[in-house]
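A short worksheet on the structure shown next.
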Amino acid sequence: MNKSKSMIVTILTVSSLFLLCGFTAFRGETGNDGANVTEAKTPINPERGGTIWTRSFSSFDGMTAMNSDPILSEDSIFIVSKNTLYALDYKGEIQKQMTLAGTMNSICHLLYEDHYLYIPLAKGIVECVDTKNFTEVWVSESPEGQSGSQALSTLFYHNGYVYGGTVTVITNSPPTSTGVFYCLNAATGKEVWTYENTENAGGYYWSGGIVHGNAIYFTGENGILVSHSLTTEEVYDTYTLTDSAQIRAGITYDSTNDSLYTVSNDGTIFKIKVEQNGIIASVESAKLAAAISKSEKSEIKFVNCTSTPTIYNNRLYIGCSADTYGYLTVLDADTLNGLYAAKTAQYAEVKASPLVSKNYATEENNNKVYVYFTCNCNPGGIYLMEDSEKAESAVVKTLFEPAKAKQFCLSSVTAGADGTLYYSNDSGTLFAVADVDVSSDRIADESDEMGNNSGSQSDNTENKSTSAGSSTPNNNAANSTEQEVSKPKKPTGIKIKKKKKKIVITWKKKTKKSQTVVYVKYGKRAWKKKLVKTKTKLSIKRKKKTKIRLRSRIYKNKKWIYSKYTKIYTIR
């Protein structure tokens with residue numbers, strides 16, 4: 001087989017694997033084109049974005065509880081919480097679990113290769129788990145002098161070797177961190193080599209490496225790009241990208257420009273040309289502030305960025321914060337010119353690497369794509385932006401925000417082969433988000449009324465993705481129980497009067513014994529209920545785009561039975 005045919009086979013194999021099971025590494029990173037780009041049909045309607053199920057691995061009390069990024073195989077979703085590895089099916093039910101050799105740090109980027117999981121853990125160790133029988137294969141030793149380090153780097157697999165880095169944070173003292181980058185034998189876990197820059201120390205905090213040609217390239221908090229031999233101690237080349245900032249982002253490759261890209265935390269984007277022998281040929285740079293200033297039409301004073309770039313159709317997508325606001329910036333990947341920046345909200349920094357869905361791209365719509373990301377602020381949801389090759393601006397929309405498990409969010413969004421979006425926020429909850437009629441993630445009292453077990457770890461709902469065999473009761477099961485007792489009639493004769501600061505709702509009910517539940521929704525917020533026991537009148541605050549619906553309930557056979565909903569009334 002000649003080289004070109006071999007390359008085609010490799011690309012087809014990687015593509016087939018992706019289509020079969022989604023992302024098997026953080027951002028689906030393979031060192032080829034298409035990192036964090038999916039062909040799946042992802043949800044795009046903000047009015048219908050919701051969870052088909054959720055799974056909490058911690059008793060959520062409003063405190064921080066991190067999960068690893070989910071890794072998707074053909075049959076399972078793998079995720080780590082604290083010191084436990086879980087395998088879930090695609091209905092959100094736990095299949096298997098095992099206690100690991102250590103505890104994950106605040107970030108944990110798993111790696112799945114064949115049927116083995118490689119898991120970075122505290123003290124800089126890596127544990128290999130055979131997912132066929134959920135047993136430990138090996139645990140690596142902490143690199144020398146790194147027993148107090150954290151494993152916050154992305155793992156990368158190539159030809160039987162696993163690459164990653166460690167970081168030990170040093171406060172109030174230059175350097176701000178130390179660390180080593182390492183290579184392990186994937187079969188045995190034995191150390192092959194380690195790299196440490198003792199003159200210009202810096203750890204690998206949220207950064208990572210990728211293989212291109214015959215070298216692995218990585219950079220870290222000292223701002224130095226390293227080109228290293230894959231299997232020996234030899235360093236091919238180094239280049240100081242920045243001596244005034246840190247790099248807390250990964251590296252992305254784009255074949256169109258045959259370049260590597262990364263970004264420093266002061267918002268400098270770097271475009272790097274390398275040669276096959278590992279020599280760093282040239283580096284270009286630009287400021288994200290230029291793209292933001294172009295959109296805001298004002299000078300930007302401060303930028304912070306930890307978002308690994310995503311590239312599609314010669315456009316760079318990078319998240320950041322600037323002057324207290326969050327932004328998703330869009331740049332030309334060839335020239336590094338800033339095209340525009342889409343603003344999120346104040347204190348809503350985009351730390352995530354943007355996920356791009358190209359499923360909807362056609363020549364007719366100028367290759368329209370949808371870009372998904374999270375913001376590091378409450379409530380910790382998924383946000384999306386529409387872009388195309390001719391777009392010069394965009395508006396950030398809310399696809400999904402948790403009604404219950406609200407928290408900050410460092411995680412990026414992962415795409416399944418069917419288009420379902422997976423991510424965790426800092427509540428320790430994994431969300432499976434799709435296009436649904438009713439989201440499983442609802443306020444607790446409303447969920448209870450609808451027949452769901454709000455205390456369950458997995459809240460399944462009445463939509464096409466819900467499994468009838470789920471251990472959590474769904475709406476259909478609840479409705480069949482209610483049919484044993486005749487349901488009350490829903491409220492009638494509804495009248496809504498708009499006043500300057502309030503809305504007055506009146507209605508009629510069929511029986512004096514029934515109570516009325518009034519549901520109110522302001523804008524894109526969750527529905528909230530107001531219980532009216534005997535009266536048939538209610539006043540509520542008037543806000544922009546208020547939605548109202550009602551239903552009756554009656555107490556029979558030691559339980560509340562609910563009527564159908566009335567239609568939804570929208571007041572603008």
Side-chain angles (χ1 to χ4, degrees), residues 14-15 18 22-40 42 44 69 109 154 156 206-210 212 247-264 267-272 286 288 291 305-320 326-334 336-342 344 349-361 367-376 382-389 391 394 396 399 409-415 419 421-423:
V14 171
S15 177
F18 172 79
F23 287 5
T24 58
F26 175 59
R27 305 177 64 251
E29 182 62 77
T30 63
N32 300 305
D33 262 341
N36 230 18
V37 177
T38 178
E39 295 181 1
T42 49
I44 60 173
D69 294 295
H109 297 319
T154 300
F156 191 91
W206 297 348
S207 60
I210 66 170
H212 180 64
I247 294 181
R248 289 187 169 185
I251 301 173
T252 303
Y253 173 72
D254 176 54
S255 65
T256 302
N257 294 289
D258 191 25
S259 298
L260 304 173
Y261 295 82
T262 192
V263 62
S264 58
T268 305
I269 177 72
F270 301 97
K271 177 185 176 184
I272 305 150
L288 298 184
C305 180
T306 63
S307 172
T308 301
T310 300
I311 306 169
Y312 177 71
N313 196 27
N314 204 47
R315 290 166 89 91
L316 276 162
Y317 301 94
I318 308 170
C320 67
Y327 288 91
L328 187 67
T329 59
V330 184
L331 297 87
D332 185 299
D334 181 23
L336 299 185
N337 288 337
L339 301 176
Y340 68 87
T344 58
E349 180 179 2
V350 182
K351 286 185 171 294
S353 177
L355 170 71
V356 175
S357 174
K358 64 178 182 179
N359 176 272
Y360 304 92
N367 285 307
K368 181 197 298 182
V369 297
Y370 290 88
V371 187
Y372 302 85
F373 55 94
T374 61
C375 294
N376 193 33
I382 296 180
Y383 308 94
L384 81 160
M385 182 192 83
E386 181 183 313
D387 185 47
S388 69
E389 58 191 17
V396 172
L399 178 68
C409 187
L410 298 175
S411 301
S412 299
V413 181
T414 298
L421 304 177
Y422 301 94
Y423 84 107

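Keep in mind that the numbers below use all heavy atoms, side chains included, and drop hydrogens, waters and symmetry copies.
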Heavy-atom closest pair, residues [X] and [Y]:
X    : Y    : result
Y370 : E386 : OH-OE1, 3.4 Å
I210 : I251 : CG2-O, 3.6 Å
L328 : P354 : CD1-CG, 3.5 Å
A342 : V396 : CB-CG2, 3.8 Å
I247 : S207 : O-CB, 4.2 Å
A361 : Y312 : CB-OH, 4.1 Å

S307 side chain vs A352 backbone, donor-acceptor pair below 3.5 Å: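 Yes, the answer is positive, given that a donor and an acceptor are paired below the 3.5 Å cut-off.
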S353 side chain vs S412 backbone, donor-acceptor pair below 3.5 Å: no
Pairing residues for Y253 by the side-chain hydrogen bond (donor to acceptor under 3.5 Å, both in side chains) criterion, not counting sequence neighbours: D258
Can you tell me how far [atom2] of [Y] sits from [atom1] of [X], rounded to the nearest 0.5 angstrom?
X    : Y    : atom1 : atom2 : result
L384 : I44  : CG    : CD1   : 8.5 Å
R27  : T310 : CZ    : OG1   : 4.5 Å
N257 : D334 : CG    : CG    : 4.5 Å
N36  : F23  : CG    : CZ    : 5.0 Å
D69  : H109 : CG    : NE2   : 5.5 Å
I318 : L288 : CD1   : CG    : 5.0 Å

Could you check whether any side-chain heavy atom of [X] comes within less than 4.5 Å of a side-chain heavy atom of [Y], counting everything from C-beta outward?
X    : Y    : answer
V330 : M385 : yes
V369 : R315 : no
T374 : V413 : yes
D33  : I311 : no
L421 : L355 : yes
S388 : N367 : no
F270 : L260 : no
E29  : T154 : no

Is the closest side-chain donor-acceptor distance between [X] and [Y] under 3.5 Å?
X    : Y    : answer
D254 : N314 : no
N359 : S357 : no
T42  : Y372 : yes

Criterion side-chain contact (heavy atoms from CB on, under 4.5 Å) on L316 and T329, from CA distance to verdict: CA-CA 8 Å; L316 276 162; T329 59; over 6 Å; no
Plane angle bin for F373 and Y383 - parallel if under 30°, tilted between 30 and 60°, otherwise perpendicular: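 It falls in the tilted class, 30° to 60°.
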Side chain to side chain donor-acceptor pair (under 3.5 Å) between D387 and Y317, intermediate numbers included: CA-CA 10 Å; D387 185 47; Y317 301 94; 2.5 Å; yes
